[in-house]
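So that the names make sense, note that chain A is the first sequence line, chain B the second, and so on, each numbered from 1.
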2 protein chains.
Amino acid sequence: MMSSDNFKLELFNQFARIGKALGNAYRLEIIEFLAQGERNVEELATLSGLSIANTSQHLQQLKQTGLVTATKKGQYVYYQLSNPKVIDLFAILRDVAEQTLAEVNKLVDTFLTVKDDLEPIPAKELLERARQGLVTVLDVRPPEEFNAGHLPQAINIPLKNLENIYHTLPKDKEIIAYCRGPYCILAYQAVAQLRDQGFSAYRLENGFPEWKQAGLPIE
Amino acid sequence: MMSSDNFKLELFNQFARIGKALGNAYRLEIIEFLAQGERNVEELATLSGLSIANTSQHLQQLKQTGLVTATKKGQYVYYQLSNPKVIDLFAILRDVAEQTLAEVNKLVDTFLTVKDDLEPIPAKELLERARQGLVTVLDVRPPEEFNAGHLPQAINIPLKNLENIYHTLPKDKEIIAYCRGPYCILAYQAVAQLRDQGFSAYRLENGFPEWKQAGLPIE
DNA sequence: CAAATATTCAATAGAATTATTGAATAATAA
DNA sequence: TTATTATTCAATAATTCTATTGAATATTTG
């Protein structure tokens, strides 16, 4: 019979497995990608810039700790987050990092120079204003992520297309841009470009996964 | 100027530092001890069974990731959690582990055989019943953790003293025992012993730190 | 049936992590 | 001032982690 000290150590070793799984930048990035919707190995490798073998290795680790699940479709293996709480876990990990690691703030201050987040108006108010056509909600993620789920009334203009399309946007409406998460550069760059063109543009602080996890409506 | 890919990788490397810090069973245990109140190196070494040098090494890592802070008092260095959100982070990490790692449930089912948690009666109701003297709230942590903070109306009987003291407890009142966290064995063992002696005893599901983080009153 | 494609596995090398041991440092007590 | 105590540092060895490379496996296409 296992002693209570051994039991506790074994149990905490299991908890530590989750910590280890999150202890690598690429695996965190994969989690962020999967938070937008399921992806296959090749897509994840391309998105992250890793080799396919290395991507598969990281996915095996995430799978073995139960953070992701896999589904075979033909010869493609699609990966999903196993549980929406993984989004909450990553969100609070980022939050803690933001508050405890000076380097996070230094990086953000240096690189993400478009400062003002959207004033934290209630999500319900944003939804109502969007419904009334008073603001443009702009999703700058790739189309397949938009298709997997997005904010109600959102339009999808991936950042790389923005330069060619912004002139079709009404200038008399505020634009609220959002992306994969709170540190997604695409939303920052979109807001910067739009402001350069005279638009009144802001960034939603969180991304689509956090919005969804908050129980807010999605399409 | 840092490219946006580099920026993202650097930022996620910072997030990964938090994951790595949590990727070791002993550091998680230290976090759980510090969640009850500040401790010095020697105390933490004794509680965890690690050498003082090794304990200090783990503490340096936790300090460098900002999860703990240190305060010198005479020749003693006292460590604290830097931020109560670290308790939330550990709680959700456990929660995710519970849902994704079969081994967690296997360990718990095998070792913690006293099954019924307290029915999830609202904390407010528990508090009111304690105030009216209808239940006994029993804190089985060591006295220094009890002194650092505890549930209102709680009495402190460390598990090792319970055998000699339980006869002083009123048998006509339910006993609600709590400890350091949801998997703390001391509360399980207390409940088992009390039931053996004919008491109507249950375990509070969470520990003192989670109670506190929920904004519930403490003494 | 063979070729192509997607993915995983296995082996390897280098880097990172962890525990141990002894030395060094800082603060207090005698 | 010296001895004691508490803690940290540094070096080392063992273990674990990560990326790479090539092979193996599974599925689809021609």
Classify Y79(A) by what it touches in the nucleic acid, base, sugar-phosphate, or nothing, heavy-atom distance under 4.0 Å. sugar-phosphate
Is the shortest side-chain N/O distance from Q61(A) to OP1 or OP2 of dC17(D) below 4.0 Å? no
Does the side chain of H58(B) get closer than 4.0 angstrom to OP1 or OP2 of dT17(C) through an N or O atom? no
Quick one about E98(B) and Y183(B) (side-chain donor to acceptor, distance below 3.5 Å, no hydrogens or angles considered), yes or no? yes
What integer distance in Å separates R27(A):CZ from dT16(D):P? 15 Å
Salt bridge between K8(B) and E32(A), side-chain N to carboxylate O under 4.0 Å? yes
Is the distance from OP1 or OP2 of dT17(C) to the nearest side-chain N or O of K20(B) less than 4.0 Å? yes
Below 4.0 Å: OP1/OP2 of dT17(C) and any side-chain N or O of N24(B): no
Atom CG of L28(B) to atom P of dT18(C): distance rounded to whole Å? 11 Å
Relative to the 5' end of DNA chain D, which residue comes earlier, K73(A) or S56(B), by the nucleotide with the nearest heavy atom? S56(B)
Check the distance between dC17(D)'s C1' and Q64(A)'s CD and give it to me in whole angstrom. 13 Å
Starting at CG of L50(A) and ending at C1' of dC17(D), how long is that distance when rounded to a whole Å? 15 Å
Separation of atom CD in Q57(B) from atom P in dG22(C), rounded to whole Å: 15 Å
Rounding to a whole Å, what distance do you find between E42(B):CD and dT28(C):P? 15 Å
Any idea which of dT20(D), dA6(D), dT8(C) is nearest the Y76(B) side chain? dA6(D)
N13(A) CG to dT16(D) C1', straight-line distance once rounded to whole Å: 13 Å
